[in-house]
Amino acid sequence: MSDARAMYEQVILDHNKNPRNFGPMEAPDRVVEGFNPLCGDTFKIYLKFDGDLVADVKFEGQGCAISKSSASLMTTLVKGRTRDGAQALFDAFHHMLKTDHTAPIDEAALGKLKVFAGVREFPVRVKCATLAWHALDSALNNETPEEPVTTE
Ligand code: ZN
């Protein structure tokens with residue numbers, strides 16, 4: 001087993017077992033639901049803004065280990081960032097997951113998110129990994145969708 005794969009599995013197991021920022025939020029500025037019909041993952045993402053800062057992020061719902069750990073890691077990385085900083089992280093993550101699994105990744109932009117590079121080998125799982133991020137993207141862009149954001 002490669003080091004990268006070992007780290008990937010460790011992060012996913014850890015965040016799946018002990019999801020960070022998991023639970024409802026009182027008086028959020030934005031609530032976006034995300035749904036991945038291929039896997040059945042369904043999450044609500046809550047955001048609170050303080051001016052240009054993402055002051056708080058929480059999530060709740062159900063999903064597979066990859067979707068849940070990705071959402072959990074997302075909340076830890078986005079909290080305290082500016083909206084632009086959070087958007088940049090989404091862009092870097094989304095871009096990485098669209099590339100072939102042998103393509104080099106931008107480790108500087110991705111930071112801890114690089115552990116999800118291994119997901120690229122499993123295209124169905126990419127939707128699990130990006131679900132919460134698509135909801136975040138929607139929330140950052142001031143959309144209040146009537147329908148849940150889906151990966152389709
Ligand atoms: Zn899933």
Side-chain angles (χ1 to χ4, degrees), residues 1-25 28-48 54 56-79 81 83 85-107 109-152:
M1 187 187 285
S2 70
D3 284 354
R5 173 153 288 195
M7 194 164 79
Y8 161 70
E9 292 187 351
Q10 192 191 339
V11 167
I12 288 177
L13 288 173
D14 174 39
H15 280 265
N16 183 47
K17 202 170 158 194
N18 298 302
R20 319 299 199 272
N21 305 303
F22 189 75
M25 180 189 288
D29 292 316
R30 201 83 67 211
V31 184
V32 179
E33 282 187 67
F35 178 54
N36 173 15
L38 278 184
C39 182
D41 311 310
T42 173
F43 289 105
K44 262 186 191 174
I45 311 293
Y46 302 95
L47 281 110
K48 206 171 274 188
V54 178
D56 201 8
V57 195
K58 294 189 81 173
F59 77 108
E60 62 179 349
Q62 294 173 3
C64 66
I66 290 174
S67 62
K68 195 171 187 182
S69 58
S70 181
S72 171
L73 191 57
M74 179 187 83
T75 63
T76 67
L77 295 174
V78 164
K79 204 183 219 179
R81 277 184 190 248
R83 288 173 187 243
Q87 187 69 50
L89 206 54
F90 166 83
D91 291 341
F93 189 57
H94 195 227
H95 180 261
M96 173 184 80
L97 289 174
K98 279 194 303 191
T99 60
D100 185 78
H101 71 93
T102 56
I105 60 171
D106 185 351
E107 295 199 18
L110 290 161
K112 281 184 187 171
L113 291 173
K114 70 181 179 195
V115 299
F116 282 95
V119 173
R120 297 180 299 176
E121 286 183 58
F122 312 99
V124 171
R125 292 307 199 175
V126 166
K127 302 202 172 197
C128 301
T130 53
L131 176 60
W133 292 84
H134 281 295
L136 172 76
D137 181 47
S138 172
L140 288 171
N141 289 293
N142 291 334
E143 295 164 24
T144 41
E146 306 270 318
E147 299 286 321
V149 174
T150 82
T151 50
E152 295 306 297

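First listed ligand is number 1; within each ligand, the first listed atom is number 1. Since we're looking at a predicted model, the values are computed, not measured. The basis for the numbers below is simple: all heavy atoms, side chains too, and nothing from hydrogens, waters or symmetry mates.
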* Between Gln87 and Asp137, a side-chain donor and acceptor under 3.5 Å ->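 Judged by distance alone, the side chains do pair up.
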* Are His15 and Ser69 close enough that a side-chain donor and a side-chain acceptor fall under 3.5 Å? -> no
* Asked: Which of parallel (below 30°), tilted (30 to 60°) and perpendicular (above 60°) describes Phe93 and Trp133?
  -> tilted
* Asked: Charged N to carboxylate O below 4.0 Å: is that the case for Glu107 and Lys114?
  ->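 Salt bridge: yes.
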* Asked: In terms of side-chain geometry, is the basic nitrogen of Asp14 or Arg20 positioned less than 4.0 Å from the acidic oxygen of its partner?
  ->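 Yes, charged N to carboxylate O under 4.0 Å.
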* Asked: What protein N, O or S atoms come within a distance below 2.8 Å of the Zn ion (ligand 1), ordered by chain and number?
  ->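 Short answer, with waters excluded from the count: Cys39 SG, Asp41 OD1, Asp41 OD2, Cys64 SG, Cys128 SG.
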* **Ring center gap for Phe122 and His101 short of 6.0 angstrom** =>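 Not under 6.0 Å, so no.
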